[in-house]
Amino acid sequence: MFSNGVKRELTWLITSLWIFLFIGWLVDDWLSFLILFFVFYIFRHLWSMRKFEIWMDGRTQKSFPPASGFWSELSYLVSKKQRALEKHVDINLYKSEQFKAASMLIPDGIISLDQMNKIEWFNAVSKEMIGVRRQDVGSKIESVIRQPDFIQYLRAENSSGSIKVTLPGVQARTYDVQLIPYFDNHKLLVVRDITELYQLAQIRRDFIANASHELRTPLTVLRGYLEIMVDHREQLPDWRLPLEHMDTQSHRMQAIIEDLLTLSTIEAESITSDLEDVPVPSILIQLEKDVLQLSSENHRFNFEIDQNLTYKGYLEPLKSVFTNLVSNAVRYSPDGGDITVRWYKNKDNAIFEVQDQGLGISKEHIPRLTERFYRVDKDRSRVTGGTGLGLAIVKHVLERHQAHLDVESVLGKGSLFRCTFKINNGS
Ligand code: ADP
């Protein structure tokens, strides 16, 4: 019924009361001894309280203060709790040391940032990679990595992607930097050295750009002669079919070269070149007229455009995103199909959507659609003048805008291509 402390106190109280009363009975003055007992009892409590306070205050090294009754139980319970807490702190300290030791071994640079993007701690690798020093703890990360691309990425707080940052030095190195949110608005900045990979990719990009550029001039000459011959095909009846075939194929070649050059330009341009106000509604009005021609008026178009919604971005690349997606909807939809194009605001995003009732795409192809030259239906792509590069261009342009593409499709029913742009894209 009683707790240990109360039991101890009662035992102490009854025993000492009996002793006082017994002495009082012996000297025949039990009332004085009863009063003396109460005075003693109150004094004992005050004395124990003082000792307890000194002990709690840490002014004595004793594990627990000498006390009796309720106070001895209380100090025992407090010191037990204190030991448990110390053990807990030790475990946490051990875990945190273990985590820090492990983070030192990770080959990537790791920097922890607080809510204000101030450096909290970093591992040894990040010191070597980006030169963050002990005295930088507490300063903003922007004062260590002063790259405009990085600052823009940091402000956009886009945790889904990463950016490439090239830091100057004796030997400039390129890093892949990713911001990962964790615990209570804190962020981990993971920095990976991709210099060798980047250089290889650069060699490949340069090769493709140079090859396409070199092919462009001879092809223009060939196409010039071909066009003359096609115009005079009536005089060469045996060559009529081969000439028409050569003409179609040379058109395709030219389209592929143009798309490769577009892709190289988009890849080469830094994301720091100036953003401009893109009048998306007027671009889409013009596009509506152009696609009517492309579809030879065989499709029904429905353009649902928010006339007031403009976007800060790169004009020409964005035009090619809109054109590629709408022309795909035309090319992969049977005659008579409905095609809906939408441009609207949803929370902090501007959305561009193209929905068709065409062939649709089965699930396994969707993740690969943006690869260069990946085609679900090669024949249809060729017949309709596809290059296999349209969606690769779309993907790269969206990456430059830190936007993303979602594809929903049901085979035989149609597809929906959705581009999501953050309106507050650091511009
Ligand atoms: P292409 O020039 O061949 O159209 P893209 O890169 O634009 O190349 O598209 C890649 C492939 O994705 C296409 O070959 C096609 O198979 C598929 N695709 C793209 N858009 C659609 C669509 N709206 N409906 C069905 N399939 C599509």
Side-chain angles (χ1 to χ4, degrees), residues 205 208 212 215 219 248-267 284 287-288 290-304 316-343 351-401 403-420:
R205 274 196 294 271
I208 294 173
S212 320
L215 284 172
L219 188 67
T248 320
Q249 292 306 321
S250 68
H251 259 111
R252 268 199 66 217
M253 252 169 106
Q254 196 169 30
I256 292 175
I257 287 173
E258 292 306 328
D259 274 0
L260 279 174
L261 282 170
T262 310
L263 209 51
S264 309
T265 320
I266 293 164
E267 280 183 330
L284 295 181
L287 183 64
E288 188 173 1
D290 297 345
V291 286
L292 270 174
Q293 270 185 345
L294 177 74
S295 103
S296 316
E297 305 200 7
N298 287 328
H299 299 88
R300 280 193 303 270
F301 289 99
N302 181 21
F303 276 66
E304 296 169 7
E316 289 307 323
L318 281 175
K319 271 188 186 171
S320 76
V321 168
F322 304 150
T323 313
N324 271 309
L325 292 179
V326 179
S327 78
N328 276 357
V330 173
R331 293 190 295 113
Y332 298 104
S333 295
D335 288 353
D338 281 344
I339 294 172
T340 307
V341 177
R342 298 186 192 94
W343 172 245
I351 314 277
F352 176 73
E353 265 176 16
V354 181
Q355 188 165 20
D356 64 52
Q357 298 175 330
L359 307 179
I361 307 157
S362 60
K363 258 193 189 146
E364 69 271 20
H365 294 293
I366 292 180
R368 302 195 58 190
L369 290 181
T370 55
E371 286 174 22
R372 286 155 205 236
F373 298 114
Y374 188 84
R375 297 164 173 117
V376 179
D377 182 345
K378 282 198 172 66
D379 293 336
R380 182 155 185 126
S381 167
R382 281 201 189 108
V383 171
T384 57
T387 61
L389 291 167
L391 291 181
I393 293 176
V394 169
K395 179 187 147 195
H396 275 85
V397 174
L398 294 188
E399 271 175 10
R400 276 190 63 200
H401 288 84
H404 63 268
L405 176 72
D406 294 300
V407 183
E408 291 165 22
S409 191
V410 181
L411 197 60
K413 293 233 161 108
S415 314
L416 172 76
F417 286 76
R418 181 186 301 115
C419 309
T420 307

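Atoms within a ligand are numbered from 1 in the order they appear, just like the ligands themselves.
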* With respect to atom 3 (O) of ligand 1, which of S381, S409, G386, G385 exhibits the smallest heavy-atom separation? -> S381

* **Distance filter under 4.0 Å to G388 heavy atoms, resulting ligand 1 atoms** => 1 (P), 2 (O), 3 (O), 6 (O), 8 (O)

* S415: numbered ligand 1 atoms lying under 4.0 Å from its heavy atoms -> 24 (N)

* N/O separation below 3.5 Å, F417 to ligand 1 -> no

* Asked: Side chain, backbone, both or neither: which part of D356 comes within less than 4.0 Å of ligand 1 when only heavy atoms are counted?
  -> side chain

* To do: Can you pull out the closest protein heavy atom to atom 13 (C) of ligand 1? Residue, atom name and distance to 0.1 Å, please.
  => Y332 OH, 3.3 Å

* **For the student: nearest non-hydrogen atoms of L284 and F303, plus distance** => O-CE2, 3.6 Å

* Asked: Can you list the atoms of ligand 1 that are under 4.0 Å from a heavy atom of D377?
  -> 16 (O)

* To do: Decide yes or no for H299 and D335: does some side-chain heavy atom of the first lie under 4.5 Å from some side-chain heavy atom of the second?
  => yes

* Output the distance between atom CG (D379) and atom OG1 (T384), rounded to the nearest 0.5 Å. => 10.5 Å

* Considering only the protein, which heavy-atom contact is closest to atom 19 (C) of ligand 1, and what is its distance? -> N328 ND2, 3.5 Å

* For G390 and ligand 1, does the shortest N/O to N/O distance drop below 3.5 Å? -> yes

* Proximity of L359 to ligand 1 by residue part, where a heavy atom lies under 4.0 Å -> neither

* Compute the shortest N/O to N/O distance between L369 and ligand 1 and return yes if it is under 3.5 Å, no if not. => no

* To do: May I ask you to list the atoms of ligand 1 that are less than 4.0 angstrom from any heavy atom of I361?
  => 25 (C), 26 (N), 27 (C)

* To do: Identify, by atom number and element, the atoms of ligand 1 in contact range of R375, meaning under 4.0 Å from any of its heavy atoms.
  => 3 (O), 14 (O)

* Structure fact -> Taking every heavy atom of V354 against every heavy atom of A329, the minimum-distance pair comes out as CG1-CB, 3.7 Å

* Which residue supplies the protein heavy atom nearest to atom 5 (P) of ligand 1, what is that atom called, and how far is it? -> L391 N, 3.6 Å

* Structure fact -> In this structure, OG of S381 is separated from CG of L389 (nearest 0.5 Å) by 9.5 Å

* Structure fact -> d(L260 CG, T387 OG1) to nearest 0.5 Å is 8.0 Å

* Minimum heavy-atom separation for S415 to S409, with atom names? -> OG-OG, 2.9 Å

* Measure the CZ-CD distance between R382 and Q249 for me, rounded to the nearest 0.5 Å. => 8.0 Å

* List every atom of ligand 1 that sits less than 4.0 Å from any heavy atom of T387, numbering the atoms from 1 in the order shown and giving each element. => 2 (O)

* Under 4.0 Å from any heavy atom of Y374, which atoms of ligand 1 are there? -> 10 (C), 11 (C)

* Check whether more than 12 heavy atoms from other residues, nucleotides or ligands sit under 6.0 Å from atom CD of Q293, and answer yes or no. => no

* Asked: In the protein, what heavy atom is nearest to atom 16 (O) of ligand 1, and what distance, to one decimal place, separates them?
  -> V376 N, 3.0 Å

* To do: Taking only heavy atoms of R331 into account, list the atoms of ligand 1 that are under 4.0 Å away from them.
  => 1 (P), 2 (O), 4 (O)

* Structure fact -> Shortest non-hydrogen pair, C419 vs L405, comes out as SG-CD1, 4.0 Å

* Distance, nearest 0.5 Å, that separates CD1 of I351 from CZ of R342 -> 11.0 Å

